[in-house]
Each structure stands twice: as structure tokens, then as C-alpha cells.
Number of protein chains: 2
Amino acid sequence: MATMQDVSRRAGVAVSTVSRVLNGTAKISQATKDAVFKAVEELNYRPNVLAQSLSRQQTNTIGLVIPRGAAVSQYLSQLIEKCQETADQSGKFLLISQAFNQPDGAVQSIRALVDRRCDAVLYYHNSFFDQSNINEDILSDLIDEFQVPLVVMNRQLPKHPNHSVWLDNVKNASLPVEYLIKQGHQRIAYIAAPLNQKTSQERLQGYQQVLAEYGLEVDPLLIRQAVRSYQGGYQACRELIQSNTDFTALCCFNDQMAIGALKALHEAGLSVPEDVSLFGLDNEEILDFFEPGISSVSQPVHEFVAHSMRLLLAHLNNSPLTDSRQNTFSGELVLRGSVRSLNNKG
Amino acid sequence: MATMQDVSRRAGVAVSTVSRVLNGTAKISQATKDAVFKAVEELNYRPNVLAQSLSRQQTNTIGLVIPRGAAVSQYLSQLIEKCQETADQSGKFLLISQAFNQPDGAVQSIRALVDRRCDAVLYYHNSFFDQSNINEDILSDLIDEFQVPLVVMNRQLPKHPNHSVWLDNVKNASLPVEYLIKQGHQRIAYIAAPLNQKTSQERLQGYQQVLAEYGLEVDPLLIRQAVRSYQGGYQACRELIQSNTDFTALCCFNDQMAIGALKALHEAGLSVPEDVSLFGLDNEEILDFFEPGISSVSQPVHEFVAHSMRLLLAHLNNSPLTDSRQNTFSGELVLRGSVRSLNNKG
DNA sequence: CTGAAAGCGCTTACAG
DNA sequence: CTGAAAGCGCTTACAG
């Protein structure tokens with residue numbers, strides 16, 4: 001590939017002049033400009049971004065680390081999309097990298113991006129393998145270690161309030177439960193994701209808290225646990241039904257599990273919402289296309305990402321964090337055909 | 001951040017020695033090694049990959065360009081996943097970048113990755129905005145222009161057979177139609193994606209070809225067109241039903257549209273498969289969770305990607321393209337509850 | 001086994 | 001307005 005030196009020779013000027021012309025970083029006579037552009041054209045010259053970055057000591061790049069294999073959900077797609085959009089607006093190139101779903105997988109990926117001198121790194125934390133609190137400490141250490149700004153999405157880091165943005169899982173999971181109770185439901189079942197995952201713990205907590213608030217018993221028989229997938233929801237719901245425990249409503253960790261649960265309910269001859277009211281969480285578009293439509297909780301992905309990016313850019317520009325907004329976001333109920341009220345029942 | 005020079009000073013050796021120790025690229029006395037590693041440790045030194053790449057004239061990186069906003073589908077997630085896996089295996093770092101869904105959006109993204117000196121670039125072509133054949137020519141020109149190997153997935157490039165890998169859309173779309181005909185169906189409707197998209201044209205062609213082969217009339221009233229989405233499939237199917245045209249089976253451009261169509265059929269009081277047999281295409285996992293399960297055609301994503309990567313690496317290593325396999329892949333029928341035979345009907 | 005030097009392809013004070 | 005030179009942080013012949 002042609003280098004700047006090739007261009008300079010062809011145009012009969014110094015490389016520094018070529019650089020200035022291309023970057024518009026000084027007043028240059030029209031004649032020289034023309035000569036340079038002509039040479040650039042003829043040689044089909046394109047600057048080597050690596051060399052530029054090394055020299056400028058910045059890459060104009062934001063790194064985004066996402067969990068591997070999780071791109072399946074509409075939620076994460078939207079999130080990536082919004083990151084891209086924001087990066088574009090700030091004139092930053094977004095580099096996306098997938099991390100292994102393990103504590104050190106994420107660290108490795110973040111490091112790789114830092115080693116490539118991304119100006120800043122955004123890390124979406126997935127709680128798939130979020131055993132204990134190991135990650136929290138690791139992440140906090142990374143933030144301390146790096147000169148490069150790092151913002152963690154989807155994980156609360158008490159030591160670094162300005163480096164983490166998260167969704168209020170407790171709140172989000174509590175919304176459907178509270179709604180159902182107000183509609184007269186008392187026996188509300190819950191299907192959790194594996195409880196070694198923090199997100200799963202928090203959502204279950206939301207469920208339990210509301211029950212307690214309203215003085216309802218938390219019946220362990222109504223709580224099931226399964227892997228995060230359609231199939232997991234299906235299995236858990238089957239077990240729930242086979243256990244012969246009465247329930248008039250079912251809330252699930254997320255939409256995927258609710259979709260699986262719906263199938264199990266139908267197979268067992270239970271109709272939704274007549275026999276069981278059903279809730280997912282995430283509000284994926286597809287919920288409208290089930291019979292009945294599955295109710296859910298929307299996640300404020302756009303605001304969530306926009307705020308994360310604002311934080312990141314503020315760090316990057318050393319500008320004050322004027323945005324006084326909290327770093328936590330919660331969603332809203334989205335009702336579809338899958339729920340009914342028991343109040344008129346007497 | 002600490003540089004190699006900092007390390008060399010601290011260890012009391014030359015930078016070249018530090019480099020050699022770190023890269024294991026020469027015999028070095030244990031004493032010096034120890035000193036270097038100690039300094040590295042103390043300074044928390046990490047090599048600047050930018051500088052390494054510039055110096056080595058290679059980045060050990062593969063760029064992957066994917067369409068923006070299309071990460072929603074399980075199909076594309078799997079594809080990305082598989083790219084990542086293959087890149088990992090070859091010891092390459094995979095850099096993912098999203099392109100605008102426009103001809104020049106893709107070109108820009110590819111160029112950006114080349115400018116960053118990716119060793120090779122993989123481009124997944126999305127036919128969303130694939131008007132006319134403009135892209136084919138643009139892509140072929142790019143391949144000619146670049147020194148960097150570029151492999152295009154999901155687009156046939158006649159001028160560059162060794163730079164393109166694609167799915168046989170005609171074949172894939174024909175499979176359900178042929179199956180249905182053998183089951184006695186004669187009035188088979190089809191919902192297409194916008195026909196300015198090449199993929200959509202090809203799949204429609206598959207549908208038409210089979211009908212012709214079996215001497216069945218291609219009734220234009222049975223063919224509908226809509227945007228690629230759940231909602232699009234839903235709308236198109238509603239129109240189809242309202243048009244009062246008889247049909248006993250319906251094939252859709254993809255799974256999403258079939259899911260939308262299923263809803264429209266149910267709303268109209270038509271049952272699947274009793275009144276209408278239904279087919280999607282892509283075979284997403286979720287199809288199992290509808291009632292009935294929606295039949296589809298699986299796409300051989302893994303083989304498709306594996307082959308693309310093999311091509312790419314062969315270009316990269318200047319090794320002969322020993323893999324004599326065709327650069328085109330087709331899928332297989334996956335039957336679920338949504339289809340029935342009319343043959344025993346008499 | 002190790003060092004000094006040149007080079008990768010740019011940018012940017014420093015002069016003029 | 002433009003050039004020569006130093007520097008970004010590495011690697012790699014070339015010597016010894």
C-alpha cells in the first residue's frame with residue numbers, strides 16, 4: 001500500500017506537508033494542495049490508521065465488550081445498536097469484541113481492547129457466570145488500574161459509582177407481581193434463572209419483597225429454577241404443574257422463559273389467562289405474536305445506553321459529570337392478553 | 001502507561017533485549033530474563049499493540065463487518081459466534097464492526113477495517129438494501145483494489161468465486177414447496193420480502209420454479225410482499241386472507257414472517273395445519289414454542305462460516321485453496337406440527 | 001547472549 | 001507557507 005512518503009515524493013513536497021494538507025492542519029497554498037490531492041488520487045493512498053494512532057497517542061475508538069453468544073436477544077441487539085448510534089454521533093469508531101462468559105474472559109477482552117489503545121471501553125456485564133462477588137472486585141480493580149476510562153453496564157459497582165450503570169432488577173421484577181396482587185392474585189409462581197447469577201437473585205428478591213409487602217406467604221413450592229432459555233422455562237413450568245401446587249399467575253425471569261412456560265401451560269391443558277396469568281420480562285417484540293400476547297416489563301435500553309455513553313465520554317473528556325441522574329434504570333409494565341383480574345370474581 | 005523503554009531502564013538492559021525476552025525470540029540468560037520479568041511486573045507493563053502491529057506489519061486481527069440492526073436474528077448470532085470460534089482457533093483477534101445498511105455503508109466499514117490494517121476482512125452481506133446489482137460490482141472492485149484478503153458472505157460474486165460464499169436461496173425456498181406438493185397441496189401461497197432485495201427474488205424464484213416443475217399454475221394472487229418482520233408477515237397474511245383466494249398452504253420468506261402469518265391465520269379463525277399448512281425459513285429455535293410448531297428450513301450456518309473462514313485463511317497464508325467444496329450451501333427441511341398431508345383426503 | 005541502530009508510517013513542535 | 005527532525009512504542013537485521 002502506498003505510504004505518505006510515496007505521496008510526498010510523487011507530489012514533490014515533504015511528508016509533513018502531505019500530512020498537513022490531508023488533515024487541514026495548516027494554511028497551504030492551493031498549488032501544493034492540488035499536487036498532493038492528485039498524488040493521493042493517483043496512488044489510491046489511504047492513511048495507515050495504526051501509524052496515525054501511535055503518533056497522535058489516541059485512536060478515536062471506543063471498545064465495546066459484549067458477552068459471547070448472547071446476541072440472540074432483541075434486548076442486547078438494541079443495546080449494541082444504541083451504542084453504535086451514540087458512538088457515531090460522537091465521531092468515535094466503535095470496536096465490538098465478544099468476551100467468553102467467564103470472569104477472566106471479560107477481563108481478557110477488556111485488556112485486549114485497552115492494549116489496542118481504545119480511548120475508552122464499555123463493558124456489558126453478563127451475569128451468566130456471575131458466581132459470588134468475584135467479578136465486582138475484579139472489575140473495580142480494573143477501573144483503578146486502567147488509565148483508560150472503563151464503564152461497566154449492568155453491574156453495580158459500589159466503589160465506582162461513576163463507572164457503572166445498571167438496571168434495577170429488584171424493581172423490574174416486582175412490577176408484575178405487584179400488579180397481579182392488585183388484580184386479586186394470591187398464588188403467584190415464579191420461574192428463576194440459575195440463582196448463582198446475581199441478576200437472577202435480584203429479580204427473585206423483587207418477587208419476594210412484594211409478596212412480603214402485601215403480607216402474602218412466599219411459598220417455596222411456587223419457585224422454580226432453570227437455565228435461561230425457552231427450554232428452561234418450559235421444563236420449569238412442567239415441573240411446577242406436575243407438583244400440583246395451586247397458582248393463578250406465573251412470573252418468569254425473562255421473556256424467553258415465559259415463552260417456554262406458555263408452551264408447558266398449553267400442553268397441560270391450562271389456558272392463559274383464564275387459568276393462569278403470565279408475565280415475562282424484557283418486552284421483546286415477539287411477545288405480541290403469541291396467543292395470548294405475553295405481558296412483560298420493558299427495559300429502558302436506550303436511556304440505559306445513552307447514559308452509559310454520557311458517563312464514558314465525560315470521563316474521556318475529563319468533563320464534569322453534570323448529569324445528575326442516578327445510574328440505575330427501571331422499566332415499565334407492558335400488558336398484553338396474558339393477564340386477567342380476579343377481582344370481579346368475588 | 002509504562003513503555004518498553006521504562007522496562008529496559010528498570011531492568012538495566014536494552015529495549016531490544018526486553019523485546020526478545022517478552023517474545024521469546026532469542027536465547028537469553030536466565031538472569032536477564034528474571035530482571036526483565038521483574039521489571040515488567042513492577043511496572044505493570046503491557047505491550048502497546050498498536051506499536052507492535054506497526055512494527056511487525058501485521059495485526060493478527062480479522063475484521064468482521066455485519067449489518068447494523070440485524071443482530072436480532074438467531075441466525076446472525078450463530079454466524080457471529082461461529083466466526084469468533086474459528087478466529088479464536090486460528091489465534092486471530094476478531095474485530096466486529098457494524099455497517100450501515102446501505103451500499104456505501106458497507107464499503108466504508110470495510111475500508112475502516114482495512115485502514116486499521118486488519119490482516120483480513122470478512123463481510124457479511126445483507127440484502128436489505130440490495131437494489132439492482134450495484135453492490136456486486138462495488139464488492140468486486142473492492143476485492144481487486146485491496147491487498148488485504150476480503151471474503152464476502154451471503155453474496156455470489158461471479159468475478160471472484162474464491163472470495164464469496166453464499167446460501168442457495170433458490171434451493172432453500174424450493175424445499176418446502178416441493179414437500180407440500182408431494183403431500184397433495186396445489187394452492188400454495190407465498191409471502192415474500194421486498195422484491196428489490198436479491199435474497200427475496202431468489203427465494204421467490206425457488207417457489208415459482210417448483211410450481212412450474214410440477215405443472216402447477218403460479219397464481220399471482222397467491223404471492224404477497226411485505227417488509228421483513230413479524231408485523232410484515234402478519235399484514236401480508238391478512239391481505240391474503242381478505243383477498244378470498246383459496247390456499248391450503250403458505251410458505252414465507254423467513255421465520256419471522258411466518259410467525260406473523262400464524263397470528264393472522266389464527267385471528268381469521270383458520271387453524272394450522274387443518275386449514276393451512278405453514279412454513280418459515282431459517283429454523284430458529286423459537287419455532288418449537290408456537291402452537292403448532294412452525295416448520296422451516298435449517299440454514300447450515302456453521303458449515304457456511306467455517307468454509308468462509310477457511311477461504312479467508314487460505315488467502316491470508318497464500319496456501320492453495322485445497323477445499324474443493326462448492327462455495328454454496330443449502331439447508332434441510334425441518335418438519336413440525338404446522339404441516340399436514342392432503343393425500344389421504346382422496 | 002546482548003546492544004545500537006534503523007525502520008514501521010504517521011504527527012507536530014521548531015525553524016525559516 | 002513549507003521542510004527537516006524528533007518522536008510515538010515497538011521489532012529486527014546487523015554486529016560483536
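Letters A, B, ... mirror the listed sequences (proteins, then strands); counts begin at 1. Since we're looking at a predicted model, the values are computed, not measured. Computation of the quantities below employed the complete heavy-atom set of this structure, encompassing side-chain atoms and omitting hydrogens, waters and symmetry-equivalent molecules.
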Please list, chain by chain and in numerical order, all residues satisfying side chain to side chain donor-acceptor pair (under 3.5 Å) with B:T59, sequence neighbours excluded.
-> B:D119
Under 3.5 Å, which N/O atoms of the protein pair with N/O atoms of nucleotides 2-5 of chain C?
| residue | atom | partner | partner atom | Å |
| --- | --- | --- | --- | --- |
| C:dT2 | OP1 | B:S29 | OG | 2.9 |
| C:dT2 | OP1 | B:T32 | OG1 | 2.5 |
| C:dT2 | OP2 | B:S29 | N | 3.0 |
| C:dT2 | OP2 | B:T32 | OG1 | 2.9 |
| C:dG3 | OP2 | B:A14 | N | 3.0 |
| C:dG3 | OP2 | B:T17 | OG1 | 2.5 |
| C:dG3 | N7 | B:R20 | NH1 | 3.2 |
| C:dG3 | O6 | B:R20 | NH2 | 2.4 |
| C:dA4 | N6 | B:S16 | OG | 3.1 |

Just wondering, do B:T328 and B:L167 contact through their side chains at under 4.5 Å, heavy atoms?
-> no
Quick one: do B:E85 and B:K82 make a salt bridge, cutoff under 4.0 Å?
-> yes
Residues which pass salt bridge (Lys or Arg N to Asp or Glu O under 4.0 Å) with B:R117, listed by chain and number, not counting sequence neighbours = none
Considering only side-chain heavy atoms of B:T3, which listed nucleotide, C:dT11, D:dG9, D:dT12, is closest?
-> D:dG9
Round to the nearest Å and state the distance from B:N60 atom CG to D:dC10 atom P.
-> 17 Å
In dot-bracket, 5' to 3', how would DNA chain D read with Watson-Crick or G-U wobble pairs under 3.5 Å, [ ] for crossing ones and | for pairs to another strand?
-> |||.||||||||.|||
Report the residues that fulfil side chain to side chain donor-acceptor pair (under 3.5 Å) with A:Q84, sequence neighbours left out, ordered by chain and then residue number.
-> A:D88, B:Q98
Provide, to the nearest angstrom, the distance between the CG atom belonging to A:N48 and the P atom belonging to C:dC8.
-> 12 Å
Mind calculating the distance between CG (A:N23) and P (C:dC10) to the nearest angstrom?
-> 11 Å
Under the side chain to side chain contact (heavy atoms under 4.5 Å, CB included) test, which residues partner A:T32, sequence neighbours left out?
-> A:V13, A:T17, A:I28, A:S29
Salt bridge (Lys or Arg N to Asp or Glu O under 4.0 Å) between A:R10 and A:E41: does it pass, once the steps are laid out?
-> CA-CA 11 Å; A:R10 181 148 198 142; A:E41 182 88 357; over 6 Å; no
Rounding to a whole Å, what distance do you find between A:R9:CZ and C:dG9:P?
-> 11 Å
Answer with yes or no after comparing the ring centroid distance for A:Y123 and A:H125 against a 6.0 Å cut-off, counting only values under it.
-> yes
Choose from C:dT11, D:dC10, D:dT11 the nucleotide whose nearest atom is closest to any side-chain atom of B:A51.
-> D:dC10
